[in-house]
Amino acid sequence: MATLPNPLPKLAADPSGGSLGLRLPAGALLDTTDEGPWHEPLLWCAGERAVPGGWTALEPARRAGLLPVVLETGDGHGGPDHWELMPGEMSYPGDHDAEEVLAEYWEEHAAPGEARPGPADAAPGAQDPDTVAADAVDALLGDGGPLKEPRLALVPARRSADIPTAIGWTGPANHEGDTARLSAVLRSWEDRFGIRLVALGFDHLLLSVATPPTTPGAAEAVAAEHFAFCPDNIHQGADPTLRAYAQHQVLNQPVWHFWWD
C-alpha cells in the first residue's frame, strides 16, 4: 500500500513526540502482525483509558502525518496486538472504485433480482468534519459511552478512511479479505457525507458523519450502501429491512456503526 513516510519510528527515541511538535501521554508503538513483527511501527497507542478532550489534544499530530482513532481494547478480544493485523495482505484504496465495490457486494448479498438504489447523492451541509468527529468522540468517551477500555491511537495514513488498511485491520475478514476495498468506500463517504473513522474494535468500526442524509429517500439509498458494505448490520438487526434501517440508523444520524460477524 502506498503511504507517506512513517513518522512513528521517531517516537522510539522521543516518546513524548516533541520532535514532531507533539505532547503525547505515555504510550507504546505497536508492530505486531499475524505473521510476526512488521518492519516499522503500525500505530502508537496510549497506555491509559481515553477521556473526553483527548482526541482534540492529538489534533497537532495531523501536521506530522498521523491521524487519531480510538481503539476499543476491552471487548474480550484485547488490544490491537491481538487483532491478527495483516498489513502485507492489503492493497491500496485508491486502486479501487467505490461504486464498483458496492455493486459487487450488493450482487453477492442481496436477494436475486433485487435492484440497488443509488449511488446516494452527497448530503448538503456546512459542518466541519473534523470538528464533528471531535464532538462525536467526546460523546463516545463520556460517562455511559459504549466503548470498553478505549485507548487513543495515532496511525500514519493519508486520510481517515485509510486507517483500517494502513494497520492491516482484518475485522471484516468473513466479508472481505482486502480491507482496502472497504477503505475505498469510506473514501467515497468522506467525500459525500464528511465521515471520519473515529473508533475501531476487533470486528467493528464507528464513523462520525458531518452531513448525514436528511430525507427518507436519501437515507434509503445510503442504507443500501451500508447493506453492501456490511450485510450483518441489516441481517442481524431487530427489523432486517432497508427501510427500517434507513429510518433508525441513517436518517439524520451523526454516527454510523458497522459490525461484522
Side-chain angles (χ1 to χ4, degrees), residues 1-6 42-43 61-62 65-71 85-87 89-106 108 116-125 127-134 136-137 153-173 175-201 204-213 218-219 221-231 233 250 253-260:
M1 173 178 166
T3 60
L4 295 170
N6 186 352
L42 293 168
L43 58 91
R62 296 179 184 276
L66 299 170
L67 299 182
V69 65
V70 177
L71 304 181
L85 302 179
M86 300 180 67
E89 300 300 313
M90 307 302 165
S91 59
Y92 178 57
D95 290 339
H96 305 284
D97 179 84
E99 179 60 19
E100 292 179 2
V101 170
L102 289 170
E104 290 176 20
Y105 290 155
W106 179 271
E108 180 178 355
R116 180 172 75 90
D121 293 332
Q127 295 192 86
D128 174 64
D130 293 318
T131 299
V132 171
V137 170
L154 293 172
V155 175
R158 293 176 181 270
R159 49 196 294 180
S160 177
D162 294 355
I163 288 174
T165 304
I167 67 172
W169 186 61
T170 58
H175 175 59
E176 173 58 70
D178 183 2
T179 305
R181 285 165 53 83
L182 297 178
S183 282
V185 176
L186 294 178
R187 283 184 171 199
S188 177
W189 290 347
E190 274 189 358
D191 296 338
R192 288 181 288 153
F193 308 111
I195 67 98
R196 294 291 186 267
L197 177 69
V198 293
L200 197 63
H204 64 101
L205 61 81
L206 287 90
L207 309 175
S208 64
V209 192
T211 56
V222 173
E225 295 192 15
H226 283 203
F227 171 75
F229 183 80
C230 180
N233 264 30
V250 179
Q253 292 299 308
V255 174
W256 294 343
H257 177 243
F258 298 93
W259 169 77
W260 290 265

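All heavy atoms count here, side chains included; hydrogens, waters and symmetry mates do not.
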- Is there a side-chain contact between Leu207 and Val198, using heavy atoms and a 4.5 Å cut-off? no
- Quick one: OG1 on Thr179 to CG on Asp162, what's the gap to the nearest 0.5 Å? 11.5 Å
- Non-hydrogen side-chain atoms of Arg62 and Pro68 separated by less than 4.5 Å: yes
- Mind jotting down which residue pairs meet the salt bridge (charged side-chain N to carboxylate O under 4.0 Å, His left out) criterion with at least one end in residues 90-102? Sequence neighbours excluded, please. Glu99-Arg116
- Message: Looking at every non-hydrogen atom in both residues, tell me the closest pair between Arg187 and Arg159 and how far apart they are.
- Response: O-NH2, 3.3 Å
- Item | Side chains of Phe193 and Pro212 in contact at under 4.5 Å (non-hydrogen atoms) | no
- Task: Please test Glu225 against Trp106 for side chain to side chain donor-acceptor pair (under 3.5 Å), starting from the C-alpha separation and ending with a verdict.
- Result: CA-CA 8 Å; Glu225 295 192 15; Trp106 179 271; over 6 Å; no
- Message: For a quick check under 3.5 Å, do Asp178 and Ser91 share a side-chain donor-acceptor pair by atom type?
- Response: yes
- Is the closest side-chain heavy-atom distance between Val250 and His226 below 4.5 Å? yes
- Do Ile167 and Pro87 touch side chain to side chain, with heavy atoms closer than 4.5 Å? no
- Message: For a quick test of reading the model, state the closest non-hydrogen atom pair linking Pro129 to Ala210 and the distance between them.
- Response: CA-CB, 3.8 Å
- Task: Look only at the side chain of Ser208 and the backbone of Val255, and say whether a donor-acceptor pair between them is shorter than 3.5 Å.
- Result: no
- So, do Pro231 and His175 sit near enough that their side-chain heavy atoms are less than 4.5 Å apart? yes
- Given side chains that start at C-beta, do those of Val222 and Trp189 come closer than 4.5 Å, heavy atoms only? no
- Run the numbers on Val137 and Val70 for side-chain contact (heavy atoms from CB on, under 4.5 Å), then give the verdict. CA-CA 8 Å; Val137 170; Val70 177; 3.9 Å; yes
- Note on the structure: Checking Leu67, Ile163, Asp130, Val69 against Arg196 for side chain to side chain contact (heavy atoms under 4.5 Å, CB included), the one that qualifies is Asp130
- Query: Under the ring-ring contact (aromatic ring centres under 6.0 Å, His included) criterion, do His204 and Phe258 qualify, and how do the steps go?
  - Reply: CA-CA 5 Å; His204 64 101; Phe258 298 93; over 10 Å; no
- Message: Within the 4.5 Å heavy-atom criterion, are Ile195 and Trp256 side-chain neighbours or not?
- Response: yes
- Query: How many angstroms lie between atom SG of Cys230 and atom CG of Asn233, to the nearest 0.5 angstrom?
  - Reply: 4.0 Å
- Verify the ring-centre separation between Phe229 and Trp259: is it less than 6.0 angstrom? no
- Item | Separation between OG1 of Thr165 and CE of Met86, rounded to the nearest 0.5 Å | 13.5 Å
- Query: In chain order, what residues pass the side-chain hydrogen bond (donor to acceptor under 3.5 Å, both in side chains) check against Glu176, with sequence neighbours excluded?
  - Reply: Tyr105, Arg181
- Of Leu182, Leu197, Val155, which meets side chain to side chain contact (heavy atoms under 4.5 Å, CB included) against Pro164? Leu197
- Residues two or more places apart in sequence or in another chain: which of them pass side-chain hydrogen bond (donor to acceptor under 3.5 Å, both in side chains) with Asp121? none
- Task: Carefully, step by step, assess Ser188 and Arg192 under the rule side chain to side chain donor-acceptor pair (under 3.5 Å).
- Result: CA-CA 6 Å; Ser188 177; Arg192 288 181 288 153; 2.9 Å; yes
- Query: Between the main-chain N or O of Val132 and the side-chain N or O of Gln127, is there a donor-acceptor pair closer than 3.5 Å?
  - Reply: no
